S.K.: 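Below are the structure tokens for one structure; questions will follow.
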Amino acid sequence: GENVEQHPSTLSVQEGDSAVIKCTYSDSASNYFPWYKQELGKGPQLIIDIRSNVGEKKDQRIAVTLNKTAKHFSLHITETQPEDSAVYFCAASIRDNNNDMRFGAGTRLTVKP
Amino acid sequence: NAGVTQTPKFRILKIGQSMTLQCTQDMNHNYMYWYRQDPGMGLKLIYYSVGAGITDKGEVPNGYNVSRSTTEDFPLRLELAAPSQTSVYFCASSSVPSSYEQYFGPGTRLTVT
């Protein structure tokens with residue numbers, strides 16, 4: 001089955017700096033790659049996703065890039081703010097089979113004011 | 001809309017006890033999921049359902065059972081609690097195939113001693 005690895009496990013940046021989180025996946029059939037943000041005491045919430053027919057997607061300060069050949073994808077957050085502090089999870093699945101989503105272990109991002 | 005609600009928020013069980021974790025969604029989503037989240041790990045799928053009356057195993061189903069008698073409710077049953085089931089449990093739902101975003105509940109923190 002699919003295996004998703006995520007790095008780093010913790011990341012600390014200064015407010016205003018950029019943050020990058022990287023994930024690799026093993027199953028070349030995976031074609032849907034969401035990123036979830038989990039704040040303390042809450043369930044994960046989708047912040048951005050990308051399909052395998054797209055190399056990059058942006059939404060304001062957040063962007064995701066996908067390299068299908070290398071089987072890795074990354075989350076980029078620019079101009080970080082203290083409210084970006086949370087745990088971020090990447091995931092991968094075969095989109096038409098949404099019941100097999102595999103999550104990375106998570107990255108705890110801390111943005112220092 | 002309340003979204004996805006879970007009860008209880010916290011529970012302590014003794015080894016061998018049984019309990020049911022409740023999950024309800026009011027978004028008329030067809031797909032529902034149960035995940036567990038262990039410290040420092042990503043979410044792992046326990047069971048999922050693609051509609052009322054249809055359930056199937058995920059990655060880590062042993063020790064759990066589910067039922068889906070209505071679109072709204074998807075309870076998770078632990079029959080003989082074991083310390084290995086100490087975890088945070090999340091229920092989620094999605095409206096596949098119109099959207100692959102999963103909406104998560106706030107979680108249930110379960111401790112088995």
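All of these numbers come straight from a predicted model, not from anything done at the bench. Throughout, protein chains are lettered first and strands after them, A, B, ... in sequence-line order, and every chain is numbered starting at 1.
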S.K.: On a heavy-atom basis, which atom in B/G40 and which in A/A105 lie closest, and how many Å separate them?
M.R.: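 Scanning both residues, the minimum pair turns out to be O-CB, 3.6 Å.
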
S.K.: Between A/P44 and chain B, with a heavy-atom cut-off of 4.5 Å, which part of the residue counts as in contact: side chain, backbone, both or neither?
M.R.: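 Both backbone and side chain of A/P44 come within 4.5 Å of chain B.
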
S.K.: Considering residues, nucleotides and ligands other than A/L40, do more than 12 of their heavy atoms fall under 6.0 Å from its CG?
M.R.: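 No, CG of A/L40 has 12 or fewer neighbouring heavy atoms, counting only those of other groups under 6.0 Å.
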
S.K.: Take atom NZ of A/K57 as the centre, draw a 6.0 Å sphere, and report whether it contains more than 12 heavy atoms from other residues, nucleotides or ligands.
M.R.: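 Enclosed.
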
S.K.: Flag yes if B/L110 and B/I46 sit in one hydrophobic cluster, no otherwise; membership is Ile, Leu, Val, Met, Phe, Trp, Tyr, and two members link when side-chain heavy atoms are under 4.5 Å apart.
M.R.: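 Same cluster.
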
S.K.: In terms of heavy-atom contacts, does CD of A/E56 have more than 12 from other residues, nucleotides or ligands at under 6.0 Å?
M.R.: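 Buried by this count: over 12 neighbours within 6.0 Å.
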
S.K.: If you count the non-hydrogen atoms of other residues, nucleotides and ligands that lie under 6.0 Å from CD in A/E79, is the total more than 12?
M.R.: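 No, CD of A/E79 has 12 or fewer neighbouring heavy atoms, counting only those of other groups under 6.0 Å.
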
S.K.: Using 0.5 Å steps for rounding, measure from the OH atom of B/Y103 to the CG atom of A/L46.
M.R.: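 Going from OH on B/Y103 over to CG on A/L46, the span is 8.0 Å.
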
S.K.: Under 4.5 Å heavy-atom distance to chain B, tell me which part of A/Q38 shows up: side chain, backbone, both or neither.
M.R.: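 Side chain of A/Q38 only, per the 4.5 Å heavy-atom cut-off to chain B.
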
S.K.: For the backbone of A/P34 and the side chain of B/Y100, can you confirm whether one donor and one acceptor N or O come within less than 3.5 Å of each other?
M.R.: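 The answer is no, because no donor-acceptor pair under 3.5 Å joins these two groups.
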
S.K.: Should we say atom CD1 of B/I15 is surrounded by more than 12 heavy atoms from elsewhere, each under 6.0 Å from it?
M.R.: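 Above 12, so yes.
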
S.K.: Verify the neighbour count for atom CD of A/Q14: are there more than 12 heavy atoms of other residues, nucleotides or ligands below 6.0 Å?
M.R.: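 Yes, because the 6.0 Å sphere around CD of A/Q14 holds more than 12 heavy atoms from other groups.
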
S.K.: Examine whether an atom of B/Q6 lies under 4.5 Å from a heavy atom of chain A, and if so say whether it belongs to the side chain, the backbone or both; otherwise answer neither.
M.R.: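 The answer is neither part of B/Q6.
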
S.K.: Over all heavy atoms of both residues, which pair between A/F89 and B/Q37 is shortest? Give the atoms and the distance, please.
M.R.: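 Residues A/F89 and B/Q37, closest heavy atoms: CZ-NE2, 3.0 Å.
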
S.K.: For residues B/Y35 and A/M101, report the shortest heavy-atom separation together with the two atoms involved.
M.R.: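 Answer, listing the atom of B/Y35 first, then A/M101: OH-CB, 4.3 Å.
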
S.K.: Chain B heavy atoms under 4.5 Å from A/R102: which part of the residue, side chain, backbone, both or neither?
M.R.: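 The answer is the side chain of A/R102.
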
